[in-house]
J.: 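Okay, handing you the structure first.
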Amino acid sequence: MSARRVIVSAVSACLLSACHEGGIAVETESRIVTADDVAALGPGEVLELDLSEGAVRFALTDGPIDFTRVSVRSGDERPALVQDLLVRHGARWGVQTAGAAADFAFELDGEMVKAATSAGGTATFVWSQSQALGRLPRVDRVQADEAGVPRFIAGDLGTLTGGGNVRESARGWLADMAPVFRLGDETDLEAVRHHTDSLGKVHVRFRQYLHDLPVVGGELTVHADAASGQVQAVTGRVVPAEALPLAPTLDPDEAIEAVADRLAAEWASVDAPELVYVVTESGPRLAWQAVVEYEDEEGPQRDIVFADALSGEMVARHPQIHHVKNRKVYDANNGTKLPGKLAVSEGGATDDKVAQAAHDLSGVTHDFYLSKFGRDSFDAAGATIHSTVHYSKNYVNAFWNGQQMVYGDGDGYYASPFAQDLDVVAHELTHAVTQYEASLVYQNQSGALNEAMSDIMAAAVDAYQNGVSTKTWLLAETCWTPGKANDAMRYMANPTQDGQSYDYYPERYTGQQDNGGVHINSGIANLAFYLLSQGGKHPRNKTTTVVPALGIDKAAQIFYRALTNYLNSNATFQDARDATAQAATELYGAEATAAVHAAWTAVGVPGGPDGDGGGDGETCSGTPFKGNLSASGEDQFQPGGSYYSTSKSGAHTGCLAGPAGADFDLYLYKWNGSAWAKVAKSEGPTNNESITYQGTAGYYTWQVVSASGAGDYTVTLKAP
């Protein structure tokens with residue numbers, strides 16, 4: 001049920017229903033709101049103030065103001081609750097309402113709100129999201145993106161209703177949960193697929209449309225028990241409409257031409273430009289999208305390019321051809337027509353050893369996926385596997401082009417024929433599996449995960465065919481540098497051994513080369529998989545975490561389940577941590593989940609099971625709010641330096657996870673009518689604290705204090 005709005009103009013004398021039509025006109029700078037004004041609202045009413053008519057002063061002379069019942073806007077813009085603005089931007093404005101005395105006041109004007117929102121968001125939940133999450137039966141884990149929109153929620157999240165149409169049931173559940181994702185009427189979610197897996201879990205994936213435009217990378221997947229309808233997780237990423245442009249200012253053809261000219265001197269556009277929103281690492285952008293084809297030193301390329309519809313800059317590039325390596329070698333001049341002449345088909349044989357190897361090794365990979373995961377070919381529907389060998393002349397590469405695998409014969413120095421290496425064949429076929437499942441964008445962190453999944457499954461296929469040995473963890477050792485013994489393209493057990501890969505998340509490559517590090521950053525996930533399979537510590541002692549060994553079969557099952565069910569197209573390493581932990585929980589239980597978290601901790605990926613506070617203590621159901629205390633004696637109030645109100649009695653719960661080695665304490669305060677009174681505390685000697693307090697209606701705020709130590713913390717809160 002939506003709240004009723006009381007829209008107040010600048011000519012109102014005291015802003016509320018007590019001042020009826022004909023009230024005395026006053027200057028806009030004298031507009032003042034107090035707690036008594038808000039208390040005069042009728043049930044379900046929200047006071048809406050237009051900041052284009054002047055600033056508004058909020059004074060606490062009558063006590064705390066219920067900011068969840070006050071919204072502001074500028075002209076025709078979408079209104080925002082003041083409570084949400086304070087939680088997200090109060091620190092920017094120097095406004096902390098929590099613990100404030102009666103003489104405290106602050107002003108809001110349109111320029112303040114515009115400057116704060118344009119400065120970019122922080123991964124902080126607004127209180128309206130927290131209230132919506134609080135209505136769910138149990139929230140075990142929440143992770144947000146850089147805008148404070150959840151990317152991963154797990155727990156008991158309610159039940160799908162609506163009969164036998166699971167897509168419509170999931171769509172209805174998401175509609176009820178729209179406040180959690182900050183989605184309004186301008187968003188539509190279209191169900192694109194669903195399936196029920198071998199564990200009896202149903203997974204329904206949705207694509208987002210915003211203002212009737214597709215959001216590239218905007219998607220959510222609802223995960224539920226097929227029998228009971230209990231929703232157990234929701235994953236993915238969506239874009240709220242806040243502060244996004246609605247219309248382009250650049251000509252589409254000229255915008256695409258400008259970005260394509262930077263890729264190659266000669267190129268061809270495959271289709272007409274389309275206006276979309278696209279998710280990027282710097283946030284969503286309104287962009288012109290088109291597919292362009294060209295050739296460079298790596299061979300043929302087919303990219304989806306995105307030109308900002310206002311500035312013209314290239315804001316994203318999604319390569320569709322996935323190469324097995326990323327080195328500048330020889331150019332290709334001839335023999336590039338695909339697919340070429342048929343050499344051998346199912347059940348046949350050929351005297352061409354390279355063609356026969358491509359045939360045989362793709363069969364091994366097919367049998368691995370069928371035997372281990374029940375997957376029939378890369379599309380899970382028995383698709384014919386097409387491969388082309390002897391591609392170009394002295395071509396030192398292999399790739400999946402979105403439709404088939406293509407192998408060069410190498411130059412005899414850097415590589416021998418790629419099609420004769422099982423690792424390469426399994427790697428490329430796994431790119432096809434990824435395309436049909438998570439569709440991991442081949443750029444930045446999602447691209448590194450795309451590459452890592454191909455390396456990981458190549459290792460698993462190798463173990464399936466040959467058993468586990470030291471060679472299991474060498475990628476493409478059969479074809480790579482044939483004149484040098486024991487050499488490999490990549491080393492999963494020690495990624496930096498190749499001289500260019502990274503194995504520790506805080507040190508990852510963040511530049512523009514290699515599509516943002518898709519190959520060289522894949523070593524981070526490769527090492528996590530190796531440690532999860534074999535056990536042990538980081539090979540360069542970057543961390544002290546000891547990972548228990550699950551074996552390669554269990555590790556592969558966990559990563560495959562994460563890929564096919566829980567990862568989305570723009571997934572990050574932290575998303576992979578959450579996804580593999582969820583998969584481990586469903587497949588093997590708590591001990592396997594702990595091992596997964598240990599593996600990612602060992603390679604420096606954030607997001608521990610306690611909510612990323614750094615500790616190992618209590619966990620709560622609720623909404624996580626993050627902060628940082630830089631020295632002993634410092635304190636912060638949550639949520640976001642503000643307070644919240646509740647109209648009913650019930651339990652207020654808070655769980656604090658602070659940095660390892662620190663002593664952080666937790667306190668709960670309530671407004672007693674004249675001052676803030678401490679009503680509960682947790683002052684243990686560790687970095688983890690928890691409080692459950694049975695309270696009555698009123699205003700509350702939480703305080704985190706450093707008794708000793710410094711660092712990031714997470715406090716997970718839930719109100720009645």
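One is the number of the first residue; the rest follow in order along the sequence. Only heavy atoms go into these numbers, but all of them, side chains included; no hydrogens, no water, no symmetry mates.
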J.: At their closest point, which heavy atom of V87 faces which heavy atom of F625, and how far apart are they?
T.: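 So the minimum-distance heavy-atom pair works out to CG1-CE2, 4.2 Å.
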J.: Considering all heavy atoms of both residues, which atom of G658 and which atom of Y713 are nearest to each other, and what is their separation?
T.: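 Closest approach of G658 to Y713, heavy atoms only: CA-CB, 4.0 Å.
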J.: I need the D145 CG to R237 CZ distance, nearest 0.5 Å.
T.: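 Separation between the atoms: 4.5 Å.
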J.: For the residue pair S690 and C655, what are the closest heavy atoms and their distance?
T.: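 Closest heavy-atom pair between S690 and C655: CB-SG, 3.8 Å.
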J.: How long is the gap from CG on D455 to CG on L475, to the nearest 0.5 Å?
T.: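 Reported to 0.5 Å precision, the distance equals 4.5 Å.
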J.: Is any NZ, NE, NH1 or NH2 atom of the basic residue among R490 and D498 found under 4.0 Å from an Asp or Glu carboxylate oxygen of the other?
T.: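 Looking at R490 and D498, the cut-off is not met.
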J.: Restricting to salt bridge (charged side-chain N to carboxylate O under 4.0 Å, His left out), what partner residues turn up for R167, sequence neighbours left out?
T.: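 So R167 forms no salt bridge (charged side-chain N to carboxylate O under 4.0 Å, His left out) with any residue.
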J.: Do T221 and R205 meet the criterion of a side-chain donor-acceptor pair at a distance under 3.5 Å?
T.: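 Result is yes, a qualifying pair exists.
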J.: Taking L157's backbone N and O only, do any of them form a donor-acceptor pair with Q230's side chain (distance below 3.5 Å, no angle check)?
T.: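 Looks like no, no N/O pair under 3.5 Å.
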J.: Answer yes when E586 and R561 have at least one side-chain N-carboxylate O distance shorter than 4.0 Å, and no when they do not.
T.: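 Salt bridge between E586 and R561, a charged N being under 4.0 Å from a carboxylate O: yes.
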J.: Determine, stepwise, if the pair D575 / R577 fulfils salt bridge (Lys or Arg N to Asp or Glu O under 4.0 Å).
T.: CA-CA 5 Å; D575 292 331; R577 178 176 188 149; over 6 Å; no
J.: Starting from the C-alpha separation in whole Å, work towards a yes-or-no answer on side-chain contact (heavy atoms from CB on, under 4.5 Å) for N568 and T235.
T.: CA-CA 7 Å; N568 65 289; T235 57; 6.0 Å; no
J.: Does the pair L213 and V276 meet the rule for a side-chain contact (heavy atoms from CB on, under 4.5 Å), with working shown?
T.: CA-CA 5 Å; L213 298 178; V276 301; 5.6 Å; no
J.: When you check the side-chain N and O atoms of W473 and S533, is any donor under 3.5 Å from an acceptor?
T.: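 No, S533 and W473 have no side-chain donor paired with an acceptor closer than 3.5 Å.
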J.: Could you give the side-chain donor-acceptor pairs of residues 543-554 under 3.5 Å, partners two or more places apart or in another chain?
T.:
residue : atom : partner : partner atom : Å
T543    : OG1  : A602    : O            : 2.7

J.: Parallel, tilted or perpendicular: which one describes the rings of H223 and Y566, with boundaries at 30° and 60°?
T.: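 Ring orientation, 0 to 90° scale: tilted.
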J.: Are V279 and V216 side-chain neighbours, meaning at least one heavy-atom pair lies under 4.5 Å?
T.: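 The answer is no, as the side chains (C-beta and beyond) never meet within the 4.5 Å cut-off.
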J.: Determine yes or no for a side-chain-to-main-chain donor-acceptor pair under 3.5 angstrom, with E186 supplying the side chain and G184 the backbone.
T.: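 Such a contact is found between E186 side chain and G184 backbone.
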J.: Once side-chain contact (heavy atoms from CB on, under 4.5 Å) is applied, do any residues pair with Q557, and if so which ones, sequence neighbours excluded?
T.: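 With sequence neighbours excluded, Q557 shows a side-chain contact (heavy atoms from CB on, under 4.5 Å) to K372, F373, L587, Y588, given in chain and number order.
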J.: Under a 4.0 Å threshold between the charged nitrogen and the carboxylate oxygen, would R207 count as salt-bridged to D188?
T.: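 No, D188 and R207 are not salt-bridged.
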J.: Would you call K626 and D712 a side-chain contact if the rule is heavy atoms closer than 4.5 Å?
T.: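 A side-chain contact under 4.5 Å is absent here.
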J.: Is there a donor-acceptor pair closer than 3.5 Å between any side-chain N or O of Y509 and the backbone N or O of Q512?
T.: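 It does hold such a pair.
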J.: Before giving the answer on side-chain contact (heavy atoms from CB on, under 4.5 Å), spell out for Y502 and T496 the whole-Å C-alpha distance, their side-chain angles and the decisive distance to 0.1 Å.
T.: CA-CA 6 Å; Y502 293 78; T496 60; 5.9 Å; no
J.: Checking S446 side chain against V441 main chain: does a donor-acceptor pair fall under 3.5 Å?
T.: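 Yes, because the side chain of S446 sits within donor-acceptor range (under 3.5 Å) of the backbone of V441.
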J.: Take atom CD in E190; do more than 12 heavy atoms of anything else shown fall under 6.0 Å from it?
T.: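 Count over threshold, so yes.
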J.: Kindly give the heavy-atom pair with the smallest separation between A287 and F306, and that separation in Å.
T.: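 Scanning both residues completely, I find the closest heavy atoms to be CB-CB, 4.1 Å.
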J.: Carefully, step by step, assess D578 and R141 under the rule salt bridge (Lys or Arg N to Asp or Glu O under 4.0 Å).
T.: CA-CA 9 Å; D578 292 331; R141 186 166 174 78; 2.9 Å; yes
J.: Should the ring pair Y505 and F573 be called parallel, tilted or perpendicular, given that the plane angle runs from 0 to 90° and is split at 30 and 60?
T.: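 Rings of Y505 and F573: perpendicular, over 60°.
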J.: Hey, does Q574 have a side-chain heavy atom less than 4.5 Å from the side chain of Q445?
T.: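 Heavy-atom side-chain distance check fails, nothing below 4.5 Å.
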J.: Within the 3.5 Å criterion, strictly below it, is a donor on H431 or N450 matched to an acceptor on the partner's side chain?
T.: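 There is such a pair (donor and acceptor under 3.5 Å, judged by atom type) between the side chains of H431 and N450.
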J.: Should the ring pair H519 and Y442 be called parallel, tilted or perpendicular, given that the plane angle runs from 0 to 90° and is split at 30 and 60?
T.: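 Perpendicular: the ring planes of H519 and Y442 meet at over 60°.
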J.: Which residues pass the salt bridge (charged side-chain N to carboxylate O under 4.0 Å, His left out) test with K542, not counting sequence neighbours?
T.: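 Residues passing salt bridge (charged side-chain N to carboxylate O under 4.0 Å, His left out) with K542: E507.
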J.: Side chains of V149 and V238, heavy atoms from C-beta outward: is any pair under 4.5 Å?
T.: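 Counting from C-beta outward, V149 and V238 do come under 4.5 Å.
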J.: Do other residues, nucleotides or ligands put more than 12 heavy atoms under 6.0 Å from Q403 CD?
T.: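 No - once you tally the heavy atoms of other residues, nucleotides and ligands closer than 6.0 Å, there are 12 at most.
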J.: Between the side chain of E219 and the main-chain N/O of Q208, is any donor-acceptor distance below 3.5 Å?
T.: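 Flag not set: sc E219 to bb Q208 has no pair under 3.5 Å.
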J.: Hey, could you give me each pair passing salt bridge (Lys or Arg N to Asp or Glu O under 4.0 Å) that has a residue in residues 517-526? Not counting sequence neighbours.
T.: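 Non-adjacent pairs meeting salt bridge (Lys or Arg N to Asp or Glu O under 4.0 Å): zero.
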J.: Under the 3.5 angstrom rule, does the side chain of N526 hit a backbone N or O of M492 as a donor-acceptor pair?
T.: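 No; judged by distance alone, with no hydrogens or angles, the pair does not exist.
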J.: Mind checking what makes side-chain contact (heavy atoms from CB on, under 4.5 Å) contact with A380, not counting sequence neighbours?
T.: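 So A380 forms a side-chain contact (heavy atoms from CB on, under 4.5 Å) with R375.
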J.: What's the spacing between D503 CG and L527 CG if we round to 0.5 Å?
T.: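 Result: 6.0 Å between the selected atoms.
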J.: So, Q513 side chain and G511 main chain: donor-acceptor pair closer than 3.5 Å or not?
T.: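 Judged by distance alone, no pair lies under 3.5 Å.
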J.: With a 4.5 Å heavy-atom cut-off, do S522 and M453 have their side chains touching?
T.: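 A side-chain contact under 4.5 Å is absent here.
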J.: Does the pair D303 and H318 meet the rule for a side chain to side chain donor-acceptor pair (under 3.5 Å), with working shown?
T.: CA-CA 6 Å; D303 295 347; H318 295 176; over 6 Å; no
J.: Indicate yes or no for a side-chain donor-acceptor contact from D514 to the backbone of I520 under 3.5 Å, with no hydrogens or angles considered.
T.: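 Checked: pair present.
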J.: Take T585 and T593 through the test side chain to side chain donor-acceptor pair (under 3.5 Å) and record every step on the way to the result.
T.: CA-CA 5 Å; T585 300; T593 305; 2.7 Å; yes
J.: To check you understand the geometry: which heavy-atom pair defines the closest contact between R151 and A571, and what is its length?
T.: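 Between these two residues, the closest heavy atoms are NH2-CA, 4.0 Å.
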J.: Without swapping roles, check the side chain of D225 against the backbone of S228 for a donor-acceptor pair under 3.5 Å.
T.: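 Present.
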J.: Look at the side chain of H538 and the backbone N and O of R540, then say whether any donor-acceptor pair between them is shorter than 3.5 Å.
T.: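 Flag set: sc H538 to bb R540 pair under 3.5 Å.
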J.: To the nearest 0.5 Å, what is the distance between OG1 (T572) and CZ (F152)?
T.: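 Spacing of OG1 (T572) from CZ (F152) equals 11.5 Å.
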J.: When the ring centroid of W400 is compared with that of F378, is the distance short of 6.0 Å?
T.: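 Yes - the distance between ring centres of W400 and F378 falls below the 6.0 Å cut-off.
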J.: How long is the gap from CG on L136 to CG on L133, to the nearest 0.5 Å?
T.: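 Reported to 0.5 Å precision, the distance equals 6.0 Å.
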J.: Testing the basics here: between P506 and V603, what is the closest heavy-atom pair and its distance to 0.1 Å?
T.: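 Reported closest heavy-atom pair: CD-O, 4.2 Å.
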J.: Atom CG of D84 and atom NE2 of H89: how far apart are they, to the nearest 0.5 Å?
T.: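 D84 CG to H89 NE2: 9.5 Å, rounded to 0.5 Å.
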J.: In the structure I gave you, are the side-chain heavy atoms of L563 and L440 within less than 4.5 Å of one another anywhere?
T.: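 Sidechains of L440 and L563: in contact.
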J.: For the pair V433 and Y369, evaluate side-chain contact (heavy atoms from CB on, under 4.5 Å) and give the outcome as yes or no after the intermediate values.
T.: CA-CA 10 Å; V433 174; Y369 272 102; 3.9 Å; yes
J.: Without hydrogens or angle criteria, can the side chains of S130 and T623 be said to hold a donor-acceptor pair below 3.5 Å?
T.: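 A donor-acceptor contact under 3.5 Å links the two side chains.
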